[in-house]
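Input: a single structure, listed below in structure tokens.
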There are 2 protein chains.
Amino acid sequence: MERNQVYNFSAGPSVMPESVLRTAQSELLNYKGSGMSVMEMSHRSPAFQEIFDETKALLKEALNVPDTHEILFLQGGATMQFSMVPLNLMYRTGSADYAVTGNFSGIAAREAEKYGTVHYACHTANCGHTVIPSQEQLHLSKDASYFYYCQNNTIYGTQWHYVPETGSVPLVCDMSSDILSRPVDVSRYGIIFAGAQKNMAPAGLTVAIVRRNLMGHALPITPMLLDYQTMIDKDSMLNTPPCWCIYMLGLQLKWLKEQGGVEEMQRRAAQRSQLLYDYLDGSRLFRASAQPSARSQMNVTFRTRNAELDAAFAQGGAQRGLKHLKGHRISGGMRASVYNAMPMEGVQALIDYMNEFEREHI
Amino acid sequence: MERNQVYNFSAGPSVMPESVLRTAQSELLNYKGSGMSVMEMSHRSPAFQEIFDETKALLKEALNVPDTHEILFLQGGATMQFSMVPLNLMYRTGSADYAVTGNFSGIAAREAEKYGTVHYACHTANCGHTVIPSQEQLHLSKDASYFYYCQNNTIYGTQWHYVPETGSVPLVCDMSSDILSRPVDVSRYGIIFAGAQKNMAPAGLTVAIVRRNLMGHALPITPMLLDYQTMIDKDSMLNTPPCWCIYMLGLQLKWLKEQGGVEEMQRRAAQRSQLLYDYLDGSRLFRASAQPSARSQMNVTFRTRNAELDAAFAQGGAQRGLKHLKGHRISGGMRASVYNAMPMEGVQALIDYMNEFEREHI
């Protein structure tokens, strides 16, 4: 069946490369002559182990993960990591620093309060989460078990454009919505985690990259599946992993490599978002929601002069195949999520539509 | 691509109906004219909500789930439920009864010890887990928060053929490997849960059916995603659910309904397993591993006179397209998993091969 020409600006789950989907389709009933779908394969079979190992190796290569760190394939999304991080790292001092710059870091901080003392390194709610604090604005504790932040805030369309400097305090970063969109120096982090459903794979897989020498001290009440050390020991297969999602991640990582890796993704992300922000800055109807220094390259948030017009814009977009432009219910306005798999043609189609809408409603 | 004629006896992930896979394949790039794959759809979109609601309704219908109970779509497999059950139900009295009749109920019991006192209602390890105790053999505590058992033991090939009578103590049952293979009176249970990867969907989805009036009292240290009440309140969408697996479950439930529902699955399961056990009971080379009264209709475990011959049998099977006949490393021997989607032709092909192998090695 032909795919209609639709551009999917959903914040997640989100657009995937068409060639990746075509490969999945062609292999769906019979993976490489095995007579089985990947969905039917024992996770202990050599065929699946090969998929698993290759996917892990591709991710290690794509993000240049050093040998000090372990790549884990988990379940439960970022929300499960909100619990798993303090359960595993709070042992160090009993307290942790949280930089709250949006909805999800706020939820993570409140969850961590169950397991220790949370110091708020910043809280940008009073600025409507439209900013990212500078290094100097962060309140750092010397005795923090770790420093936690969310690198890209999908709802507010903001993104950290620097890596916080925290001395000997390990960095923990939620990269759910911008992983694989730019290079990252993994060696600087204690834990990086990301729900897969933006730049990696279908929903149902969470990738965690953890520094081995921090693990092995989970709180005694930690559920067995939520102990990073156990998952390291079992190479993510304490129980059946989300096999199909891992397979899809592998396909997407092959695509990413063919396209030129994270450096090329960074170039494209800059290009896509720059086009949109340039348009918004010159518009007499639309304006970008986030402060210029904090603008996200993944989720471009914007609005018109009122909510009715915002709704009309999103609705009109959907009718012409520009899907999911409505902003999150918390923030209102509009949001164009332009992840790795969003082609430049989609961005151009959106700008054409904005131009047209502006002329009609100015 | 044509599917080779292969019969997949894997204990899980396991064989799926070919027509289900063909539908998934045909819709993979463009779900019902949306121009999107189900893998790319926002979980908050009307299109996905429809899939979600329909799947839930089909499951409610298939298992005749009463309105006192809620169906939840979770992640983490049965292993996550090993923690989630005590975290949510141990509040009642601080202790629970566990019937250990295999590997996974044993792991569940040890996990529960983190959160309360575990009484062992039975422990069949000294019989090599080849039996299921009778009602009279169960040691029941009056003050148990719940009574826990695993209805079908995939590794040992045993299955409970009655529902334990525990008075006012709620039943909690791991039905991972036999859910949807026979009717169940859900009203008798506090919690039923099942990893999807045997009779339901690809790995990465866990179904829980919970009685609402037991919930809302999770231990304070419970991770937010592991509180059944929260998931009830959010209709399983506190965060992004495993959308693709839910979609695949919906397809498989439609297939199940077309085939005649769980009553027909029960008839087929009896027929498939009876053929195999009859053959084994008459064989001079093979013998069934489980005691007759405890035999599973889902996982038929058997062995020859020695491990070398067992290995040769499994290997020879694989060469002729009878895949994954090797038993679990814990139990040794062989195992033929004959779930809902295993056609009778597969069982017949296996018996033909056993006959041939027996003639050669007797």
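Order of the sequence lines fixes the chain letters, A, B, ..., with proteins taken first and strands second; residue numbering starts at 1 for each chain.
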Q) At their closest point, which heavy atom of Gln25(A) faces which heavy atom of Leu29(B), and how far apart are they? A) OE1-CD1, 3.0 Å
Q: Flag the pair Gln197(A) / Trp244(B) as yes when at least one side-chain heavy-atom distance between them is below 4.5 Å, and no otherwise.
A: no
Q.
With a 4.5 angstrom heavy-atom cut-off, is it the side chain or the backbone of Leu87(B) that approaches chain A, or both, or neither?
A. side chain
Q: Provide the closest heavy-atom pair for Ala203(B) versus Thr240(A) in the form atom of the first, atom of the second, distance.
A: CB-CG2, 3.6 Å
Q) Do Glu40(B) side-chain atoms and Ser14(A) backbone N/O form a donor-acceptor pair below 3.5 Å? A) no
Q: Answer whether the closest heavy-atom distance between the side chains of Ser45(A) and His324(B) falls below 4.5 Å.
A: yes
Q: Could you have a look at Ile107(A), Val6(A), Leu225(A) and say which one has the most heavy-atom pairs with chain B under 4.5 angstrom?
A: Leu225(A)
(Q) Measuring only between side-chain heavy atoms, which start at C-beta, is Glu111(B) closer than 4.5 Å to Pro223(A)? (A) yes
Q | Min side-chain heavy-atom separation Pro13(B)-His43(A) under 4.5 Å | A | yes
Q) For the candidates Pro202(A), Pro242(A), Ser42(A), Gly204(A), which exhibits the highest count of non-hydrogen atom pairs separated by less than 4.5 Å from chain B? A) Ser42(A)
Q | Leu28(B) to Leu21(A) - nearest heavy-atom pair and separation | A | CD2-O, 3.2 Å
Q. In terms of heavy-atom proximity below 4.5 Å to chain A, should Met84(B) be classed as side chain, backbone, both, or neither?
A. neither
Q. Most heavy-atom pairs under 4.5 angstrom with chain B, which of Ala11(A), Gly76(A), Ser10(A)?
A. Gly76(A)
Q) Any side-chain heavy atom of Asn8(B) sitting closer than 4.5 Å to one from Met41(A)? A) no
Q: Measure across Met224(A) and Lys114(B) and return the closest heavy-atom pair with its distance rounded to 0.1 Å.
A: N-NZ, 3.4 Å
